[in-house]
Amino acid sequence: MTLAAVSLADNRGRFDVERARADFPILKQRINGRPLVYLDNAASAQKPTLVLDAMRDVYETTYANVHRGVHTLSQRATVVFEAAREKVARFLNAGSADEIVFVRGATEAINLVAGSLGRRYLAAGDEVVISEMEHHANIVPWQLLREEKGIILRVVPIDDDGVLKLDAYRALLGPRTRLVSIAHVSNALGTVNPVAEIVREAHRAGAFVLIDGCQAVPHYPVDVRELGADFYALSSHKLYGPTSVGVLWGRGEVLAEMPPYQGGGEMIASVSFDKTTFKKPPHRFEAGTPAIAEAVGLGAAVDYLTGLGLAAVHAHEDALLAYATRRLGEVPGLRIIGTAPEKAAIVSFVMDGVHPHDIGTIVDQYGVAIRAGHHCAQPVMDRFGVAATARASFALYNTMAEVDALTEALAAVRELFPA
Ligand code: PLP
């Protein structure tokens, strides 16, 4: 599957960005006397009214703890919580809702795989393959496992455009490769990785595959069954849903063989001091009280995106990316970091003679919110020989006029710091 092909193929309707903007109350405000231009979506996206209402409704009408109560409210809360799981399963085209594990976010999803599958099945000398463009969330858990178990971490290099070197990837796969864990879309560069091919090659080598889909799901339709990986991780808050909830999708037969990641209430079948038995997935991996209203909010977010049509959203964002790439190219001394041919709507850049933090602070005076820093991807910064970048990341509610506003604010930066 090439993502662009899938997402554009069924792009029938025209996307009405002004109508979509009206769904996001926060966008109406002014920052520093200017209309807010929110371009920090890769860090966290804003929330539509539908999500806010769904969460408020839970607390006003349905809230109680889930799974454990015999009383009516608890049963109602359980129904809406499990309905959210069903919605996410449909959104990802999972084989069943039992393949959807609610976690705190992509970070916890990856830690879950490292802590469960990694601890149980990986031994000293076994290899885990990641890439040079990973977020720290997909580096550090494997380093912790390396310290604990003596596994070997292999890193696929990227080229000067920020494209994964597939030949090097193939060469890294070998008889000791047990797991490949790679981002679907790079948060720092915007690169879209050829995940279907990555999965095929990994499986040919007999390895499990985890795809970190955090930055893909807000932009592209994702079909986990078609993709064929073993795990797919995402965070709700980047998908227009609330914080504190996320998803680990795992193939049913793989999850079934995995031991618990954390112990506590809700994940057990029976407990005695001599022996405890565990529930089946997904509950085996959901120790303690989950993020109930947040899961419902995530369910509403996927309803919202499904209603808009991710193919239409993608086409809109692709146009924004093309326009932003052209306009930012007009700013003297500005260099875009990450120029892969397949990119999501994320533009990282540096400007001669200006620290990215200064860029971020100055454009904020113009109401423009961008990110400045290493984006939790320090190895990527090292690869490009920079300490940090400024990053504009786009969402479904951004407009061409907002790209112009960013460009004008950057022109003001350039005036203060001539090239
Ligand atoms: N992976 C990628 C590619 C990300 O962009 C992020 C967040 O920026 C994460 C993982 C971690 O997500 P969270 O902090 O929501 O767990």
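Atoms within each ligand, like the ligands themselves, are counted from 1 in listed order.
A salt bridge between Asp160 and Arg383 is present, with a side-chain N of the basic residue lying under 4.0 Å from a carboxylate O of the acidic one.
Phe81 and Phe102 have their aromatic ring centers within a separation under 6.0 angstrom.
Residues that satisfy the salt bridge (Lys or Arg N to Asp or Glu O under 4.0 Å) test with Glu60, not counting sequence neighbours, are Arg56. For Arg225, there are no salt bridge (Lys or Arg N to Asp or Glu O under 4.0 Å) partners two or more places apart in sequence or in a different chain.
Residues Ser181 and Asn138 bring a donor and an acceptor atom of their side chains to less than 3.5 Å of each other.
Pairs of residues two or more places apart, or lying in two chains, that qualify as salt bridge (Lys or Arg N to Asp or Glu O under 4.0 Å) and include a residue from residues 176-195 are Asp126-Arg176, Asp126-Arg178.
Within 4.0 Å of ligand 1, the residues that place a heavy atom are Gly105, Ala106, Thr107, His135, Ala137, Asn187, Asp212, Cys214, Gln215, Ser235, His237, Lys238, listed by chain and number.
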